[in-house]
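First up is the structure itself, then whatever we jot down about it.
Excluded from the calculations below are hydrogen atoms, water molecules and symmetry mates; all remaining heavy atoms, backbone and side chain alike, are included.
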Amino acid sequence: MEQPSVESLLELRRFPRKQLSLILLLLYSPLGLCLFLIRLFIGAHVFLVSCVLPDSVFRRFLLRVMSSVLGVYVSHSALRPLERRGKILICNHRTDFDHNIISLIAPCCSPSLSCAPGFLCWARGFLELGALGSRTQLMESLKHYLSQPGGGPLLLFPEEETTSGRTGLLHFSSWPFSLSDSVQPLTLTVQRPLIAAAVSGCSWVTELFWLLFIPFTVYQVRWLPPVTRHTRESDEEFAFRVQQMMAGSLGVAATRHTGADRAEYLKRRRTELPRSAPRSVPLSPTQMQMAQHVKEVLPQVPLSAIHRDLGHTGCIDTTITNFLEGRVTFLPEEETLGGNEATERTPIDRISRPLPRGFAKSPEVRHLSLQERKEALYECARRKYLEKFGSVGREEEEKGARG
């Protein structure tokens, strides 16, 4: 299966694209707000019941009935006997409430990797392990929990971050598979009318609002056969084998993209989004032509970023220099290599000459080396521009210098 991009793994848009769906959502909004207020009141009672009653079949049944009033419906395949499930449950990550949903159908506890210990962590249904300063401390705490008699199974999410669930799974971290030689995988899918089930990068409070606002959300849980570690199989190999098994069950790809890749993409996307900064001056036809000239020299730079900077500078040479020296941030575009070949991201540094080997000991030498590389990079872009546009390019350059 073809490796999907990081962007395709994420849910970046909450509202539908179709106009009819948007109209239906607007018409539903007054009812949705009323439902939210009513369900918020009922949700407080659900929380109190979950705090008072001990974990049991009756408690889980009662909470499922009360959750259905909140618009949360859970369906699942036949449960395996408790002794056959093992102590480690492995699940893909779709929303911020996955651990609450799984706990409605099977006894389990899930540690939080981001929520600070305290009342909020406990109220959200996470297993409190105290202040965790490192992954090693987390592992030691989880091993101690598993060694205690009567402790329930651990529910872990090796992806560590939520995805759209449509195209692929994030690369599984290996640490959950170092806790046991046998794990119980299960898959989770989420369906919701009108809007997305969860949007990457949004807080759990925002997701809770939409959960109570929308008519219903359906969670489907499927139990897969338990998986046991092979002889001499490492944690990484064990994790990847389980990831492939779960991806096959969901009909998606088992990717090598990590949670860190997801975070980096969201960070870069936020940087590239239009800012409420001073508005740029509208571009004239001449400036539009100048933008095309800059695009020819720096094909990785999006036209929107070029237009924005040209609106301020009005000079090809200054705009190219701003991009080369990093004064203007942008998300590089993919360049098509031609035909049916794949696309790849080509950084601007590719047009520069090879970097010197080693690392200079003297700060002066390092600074000089940096200046030389910047000058070579600039000269290379300038030469490429002049070669392409000839005398026209020189006239534009002189105009910019006079301006």
Mind telling me whether Phe119 and Trp122 have parallel, tilted or perpendicular rings, with 30° and 60° as the class edges?
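The rings of Trp122 and Phe119 sit tilted, inter-plane angle from 30° to 60°.
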Decide yes or no for [X] and [Y]: does some side-chain heavy atom of the first lie under 4.5 Å from some side-chain heavy atom of the second?
| X | Y | value |
| --- | --- | --- |
| Ser56 | Phe61 | no |
| Lys143 | Leu179 | yes |
| Lys87 | Ser180 | no |
| Pro111 | Leu142 | yes |
| Thr95 | Tyr219 | yes |
| Ile105 | Val221 | yes |
| Met245 | Pro225 | yes |
| Gln292 | Leu303 | yes |

Pairs involving residues 172-202, ordered by first then second residue, that meet ring pair (Phe, Tyr, Trp, His ring centres under 6.0 Å) (sequence neighbours left out)
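Qualifying pairs, neighbours excluded: Phe177-Phe238.
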Pairs involving residues 96-116, ordered by first then second residue, that meet ring pair (Phe, Tyr, Trp, His ring centres under 6.0 Å) (sequence neighbours left out):
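Applying ring pair (Phe, Tyr, Trp, His ring centres under 6.0 Å) to every pair that reaches into residues 96-116, excluding sequence neighbours, yields His99-Phe126.
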Just to verify, what does Ser68 make a side chain to side chain contact (heavy atoms under 4.5 Å, CB included) with, not counting sequence neighbours?
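Residues passing side chain to side chain contact (heavy atoms under 4.5 Å, CB included) with Ser68: Tyr73.
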Gln19, CD: over 12 other non-hydrogen atoms inside 6.0 angstrom
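Incorrect, the count does not exceed 12.
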Contact summary for [X] and [Y], nearest pair of heavy atoms:
| X | Y | value |
| --- | --- | --- |
| Leu156 | Pro158 | O-CD, 3.5 Å |
| Ser8 | Ser164 | O-OG, 3.6 Å |
| Val74 | Arg64 | O-NH2, 2.8 Å |
| Arg60 | Asp55 | NH1-OD1, 3.0 Å |
| Met246 | Asn92 | CE-N, 3.4 Å |
| Leu10 | Arg262 | CD2-CG, 3.6 Å |

How long is the span from the [atom1] atom in [X] to the [atom2] atom in [Y], to the nearest 0.5 Å?
| X | Y | atom1 | atom2 | result |
| --- | --- | --- | --- | --- |
| Cys202 | Leu208 | SG | CG | 13.0 Å |
| Gln191 | Gln220 | CD | CD | 5.0 Å |
| Leu127 | Ser110 | CG | OG | 8.0 Å |
| Leu70 | Leu63 | CG | CG | 10.0 Å |
| Gln243 | Leu170 | CD | CG | 8.5 Å |
| Asp98 | Leu155 | CG | CG | 8.0 Å |

[X] side chain to [Y] main-chain N or O, any donor-acceptor pair under 3.5 Å?
| X | Y | answer |
| --- | --- | --- |
| Ser29 | Leu25 | yes |
| Glu159 | His93 | yes |
| Gln184 | Leu224 | yes |
| Ser50 | Phe47 | yes |

Six-ring centre of Phe157, Arg94 cation under 6.0 angstrom, axis tolerance 45°
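Relative to the ring axis of Phe157, which defines the angle, Arg94 lies outside at least one limit.
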Please determine, by modelled atom types, if [X] and [Y] share a side-chain donor-acceptor pair under 3.5 angstrom.
| X | Y | value |
| --- | --- | --- |
| Ser103 | Asn100 | no |
| Thr258 | Asp261 | yes |
| Arg192 | Thr217 | yes |

May I have the step-by-step check of side-chain contact (heavy atoms from CB on, under 4.5 Å) for Phe240 and Glu236, ending in yes or no?
CA-CA 6 Å; Phe240 186 61; Glu236 290 76 14; over 6 Å; no
Would you call [X]-[Y] a salt bridge at under 4.0 Å N-O?
| X | Y | value |
| --- | --- | --- |
| Glu237 | Arg232 | no |
| Glu233 | Arg241 | yes |
| Glu7 | Arg269 | no |

From CA spacing to verdict: side-chain contact (heavy atoms from CB on, under 4.5 Å), Val301, Val294:
CA-CA 9 Å; Val301 182; Val294 176; 6.0 Å; no
For Thr167 and Thr255: C-alpha separation, side-chain torsions, deciding distance, then whether side-chain contact (heavy atoms from CB on, under 4.5 Å) applies.
CA-CA 9 Å; Thr167 58; Thr255 75; over 6 Å; no
Could you go step by step and tell me if Asp235 and Arg229 meet the side-chain contact (heavy atoms from CB on, under 4.5 Å) rule?
CA-CA 9 Å; Asp235 295 338; Arg229 185 195 303 269; 2.9 Å; yes
